[in-house]
Structure formats: C-alpha cells, structure tokens
Amino acid sequence: MLRTLAADRKRIADIDAKLLVNGDGSPELLFEKEVAQKRLDDYKYPVLTLPNEIISEIFELLVPFYPVCPPQAGLSSPTLLSHICSTWRQIAIATPRLWRAIAVSFSRGSKSMASRRQIELAEVWLRRSGCCPLSLEVHRDATREIRKNGGHGHRIYTVMAAHRERWEHLRVSSTIIGRQVFRGPMPLLRSVSLDDARASPAIAFDQAPLLRSLSVQLSRYLDSGNPLATVTLPFLQFTSLTLDTRVLPSIAPMLGQFENLTHFELDILEYFITMPIIRLARLKSLVLQDKQYPIRWRESYEVLEHLSTPALRRLMLSISLITPWRSDRVLRALISFINASACKLEELCIIVIDSHNNRCDVERDLPHFRRAFPAIPEISLQKAEST
C-alpha cells in the first residue's frame, strides 16, 4: 500500500509539471490527478487508527520512566511529541503523565531571556500535568542563575510552592530555598534530595507523612558544617538515606535518630575523616559508591571500619583503586567488618574500578572470596573501566 501511495505522489508531481508546461491541462490529466489525490486523502495511517488512550500509553514509553525528569526539549522530551502533527499534539497535551516530571537547569552562560524561557516552560508543564503527583528538580546550575538573576530564579520556587501538595519527588539546593517554600502540608512527598547542602534557612518536612527517602550532597566548594542543623526532619519515617563522605562526619551524631533506616548509600569522595563507629541496627542494604575522587589517602572500603550493621543482608562495594589491586586487603577489611557487625550477609557485590590502568584480573580472585565467606549465597567480583 505504501508503494501505491508513493506512486500516487510521484504521478501527481508529474501531472503538475505537465500542467505547468502546457498551461491548460487536458481533462484526462486533471481527472487522473483528482483520483490519485483522493486515494491519498482517504488513506489512514495505521497509527492514527489507534484509540487515543493507546497512543497516550505509547507516548509515556518514549519519555524517561518517572520520577526521572526528561529534558524540556530533545528526543526524550514530551515536547517533541507535540510537534509531529495536530492529532498527536492534542493527545500529548491531554496526557498529564507526560508532563509530571519537571527539571530546570540553566547553563552557566545562559542569558536572562533563556532563564525566563525555562521557567515559562516549567509553568506550562505544571498546567498540563493536571492533578498528577510531581517530580521536580532545580539543578545546581540553576542555583547559580538564581543568585545572578534573583527575580527570574526565585520565581521558579514560587511556582513550585503553588503545587506543594502535589510534590512527590523533590531535588533542590538547600542553599537558596526559603522557608516559605516549605510552609504547609506535603501529603504526597516521598523523597527529598538536597544538593549543595549547607546550613540553610529553617525549613521543615514535618508535614510529609509519606516521606521515606533523603539524600544530602555537598558542593566541594562549601564550608564544613551540619547541613541539616536547621532542617526539621521526621527521622523515624526514613527508610533510605544517601550521603557523601564529606557530609557524613557532621551528620554522624544525628544518624542514631534514623532508627528505621533499611537502605544506606554512601558516596565516597575525598579521604574519609576518622570518627566513632556508627551503628545502624536495622539496616538491610548498604552501598558504598566510589566516586573516583582524585584526592584521597585511604581506600574506599576502609569506610567499613566506621560502620556497625548487625541486620545487614546486602552489601555493594565499588572500589576505585589508588594502589594496585590487593584482594587480601579487601578480604581482611570485609572479614573484620562482618565479624564486628555479626551480620549474616546474603549478597556481596564488589566492583573494582581500574582508574590507573593496572590491568588487574579481579575475576580470578573470586574463588578466594567464596572460600572466605562460604555462608554468603551470592558473591560477585567485577571489574569496571574508569569513567
């Protein structure tokens, strides 16, 4: 059928060319063109015969899975779907779930007009999202823009605050938010990520009954200090916590208040500062993620000596080597940690990042780990290239 349609289009073009050369066309050519055009007009592309509800569901598969925020423009943006044809535009705009994840990210060199455009698009997406729960991100670059263009930048937080009762996942910089943004109930909020964290204006999450996940990350340029000192948190609600090692020493005295924590992820940057042992009594899953920070005088796995996790069942450890691979050192650290915690691991995953091209064959050491930990059912040892 598509070949027939292509032939009709070609024939119409040929007839138009003849009519242009000959002036008044013959009735036969005009009739032939009319017939061919009618066939083209009557044809319905299969995708356009689908119910709007099916097309809407297909559209949702073309954007990142919620709560990941798509770009405001580009291949994975829902905006692209609204630029194909009028039918698809109507369907896309009428599909609130396409517009429920919104990220604002200004580049360092962006102009005031570009900043204003980003915020205007965010407002459009918020309207199109209807009553859907929201995933909102204001990236670090946007924070710099806020400081430069206070009028435009603070507007995005004002816009966000108007939809506070729909917040479900929130990622912002605690260095710029004001307490007015967090004044009021947040009945759907499940996760909060504070980037560029430092002592911020007094803000509270005490009206967020579903809040379970917290992430706190430092900017490398910020002074030390407890970034949560002025933040009111429902500690007993949290089951998941993500920190980096630069913020851990200042927050460590508060960790005992996270009594129901079951998942803890620690991003390892810089060297690890000596501190007392942290006991996480109900922790089930621990992830130590080596971020390959160039200035560090201790291996990432040595963080384990500061943790006590008696209920731990899953340990994932990534190691970016600053010295040649020595499986015996890792084994000693793991044995000491497991014995001190008295935990019964069910899964142990170790990923070795060869950041200095040591050409180490870590897989051959897997039998040593299995012999050392016969009670752990699942043990994996992998090598990854440095990013």
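Hydrogens, waters and symmetry mates play no part in the numbers below; they use all other heavy atoms, side chains included.
- Panel note: side chain Thr262, backbone Thr239; a donor-acceptor pair is recorded below 3.5 Å.
- Screening Pro133, Cys132, Pro67 for a side chain to side chain contact (heavy atoms under 4.5 Å, CB included) involving Glu168 leaves a single residue, Pro133.
- For the atom pair Arg166 CZ and Leu136 CG, the distance stands at 8.5 Å (nearest 0.5 Å).
- Using a 4.5 Å heavy-atom threshold, the side chains of Asp267 and Leu243 count as separate.
- Using a 3.5 Å distance cut-off with no hydrogens or angles, the side chains of Ser56 and Thr95 do pair a donor with an acceptor.
- The shortest non-hydrogen separation linking Glu302 to His306 is O-CD2, 4.0 Å.
- Atom CD1 of Ile353 is separated from atom NZ of Lys383 by 12.0 Å, given to the nearest 0.5 angstrom.
- With contacts defined as side-chain heavy-atom distances shorter than 4.5 Å, the pair Trp99/Leu126 does not qualify.
- Of all heavy-atom pairs between Ala311 and Ala281, the closest is CB-O, 3.3 Å.
- In this structure, the side chain of Arg100 does not engage the main chain of Ser135 through any donor-acceptor pair within 3.5 Å.
- Transitive grouping of hydrophobic side chains (ILVMFWY, heavy atoms separated by less than 4.5 Å) keeps Leu312 and Ile277 in distinct clusters.
- In this model, no donor atom of one side chain and acceptor atom of the other lie less than 3.5 Å apart for Tyr66 and Glu60.
- Both Met254 and Phe205 are assigned to one and the same hydrophobic cluster, defined by single-linkage of ILVMFWY side chains at heavy-atom distances under 4.5 Å.
- The shortest side-chain heavy-atom distance between Gln37 and Glu34 does not fall under the 4.5 Å cut-off.
- In this structure, Ser380 OG and Ile351 CD1 are separated by 7.0 Å, a value rounded to the nearest 0.5 Å.
- No hydrogens or angles considered: nothing links the side chains of Ser240 and His263 as a donor-acceptor pair under 3.5 Å.
- Atoms CD1 and CG, from Ile376 and Leu334 in turn, are 8.0 Å apart once rounded to the nearest 0.5 Å.
- Under the 4.5 Å side-chain criterion, counting only non-hydrogen atoms from C-beta, Ser215 is not in contact with Leu194.
- When every heavy atom of Pro71 is checked against every heavy atom of Pro78, the shortest pair comes out as O-CD, 4.4 Å.
- For residues 78-93, every residue pair satisfying the side chain to side chain donor-acceptor pair (under 3.5 Å) rule, not counting sequence neighbours, is listed here: Ser77-Thr79.
- Leu211 contributes atom CG, which lies 5.0 Å from atom CG of Leu189 (distance to the nearest 0.5 angstrom).
- Ile93 is not connected to Ile91 by any chain of hydrophobic side-chain contacts under 4.5 Å among Ile, Leu, Val, Met, Phe, Trp and Tyr, and they are in different clusters.
- Heavy atoms only, all atoms of each residue included: Leu304 and Leu286 are closest at CD2-CD2, 4.1 Å.
- Here the side chains of Leu98 and Val63 are in contact, with some heavy-atom distance below 4.5 Å.
- Around atom CD of Glu120, more than 12 heavy atoms belonging to other residues, nucleotides or ligands sit under 6.0 Å away.
- Note: Phe258 and Phe238 have tilted aromatic rings, judged against thresholds of 30 and 60 degrees for the angle between ring planes.
- In this structure, Leu348 and Met316 have side chains that are not in contact, with every pair of non-hydrogen atoms separated by 4.5 Å or more.
- No salt bridge links Glu347 with Arg313; every basic N to acidic carboxylate O contact stays at or beyond 4.0 Å.
- Glu165 contributes no side-chain N or O that, together with a main-chain N or O of Gly184, makes up a donor-acceptor pair within less than 3.5 Å.
- Crowding of Leu75 atom CG: a count of heavy atoms from other residues, nucleotides or ligands under 6.0 Å not exceeding 12.
- Of the options Leu307, Ile278, Leu261, a side chain to side chain contact (heavy atoms under 4.5 Å, CB included) to Leu255 is made by Ile278 and by none of the others.
- Ser336 places no side-chain N or O within 3.5 Å of a backbone atom of Arg332 that could act as its donor or acceptor partner.
- Residues Thr309 and Phe264 fail the side-chain proximity criterion, which asks for heavy atoms closer than 4.5 Å.
- Trp167 contributes a side-chain N or O that, together with a main-chain N or O of Met160, makes up a donor-acceptor pair within less than 3.5 Å.
- Of all heavy-atom pairs spanning Asp244 and Leu266, the tightest one is C-CD1, 4.0 Å.
- Put simply, Leu80 and Val124 are part of two different groups of oily side chains (I, L, V, M, F, W, Y) that touch within less than 4.5 Å, one to the next.
- Annotation for Arg97: atom CZ does not count as buried by contact number, only 12 or fewer foreign heavy atoms lying within 6.0 Å.
- Checking Arg171 against Ser191 by side-chain atom types alone, no donor-acceptor pair falls below 3.5 Å.
- Cluster membership for Leu283 and Ile251, using ILVMFWY side-chain heavy atoms within less than 4.5 angstrom, is shared.
- Under the side-chain contact (heavy atoms from CB on, under 4.5 Å) criterion, Arg282 pairs with Asn260, sequence neighbours left out.
- Closest of all the heavy-atom pairs between Pro70 and Trp125 is CG-CZ3, 3.9 Å.
- Note that the CG atom of Asp365 and the OG atom of Ser327 stand 3.5 Å from one another [nearest 0.5 Å].
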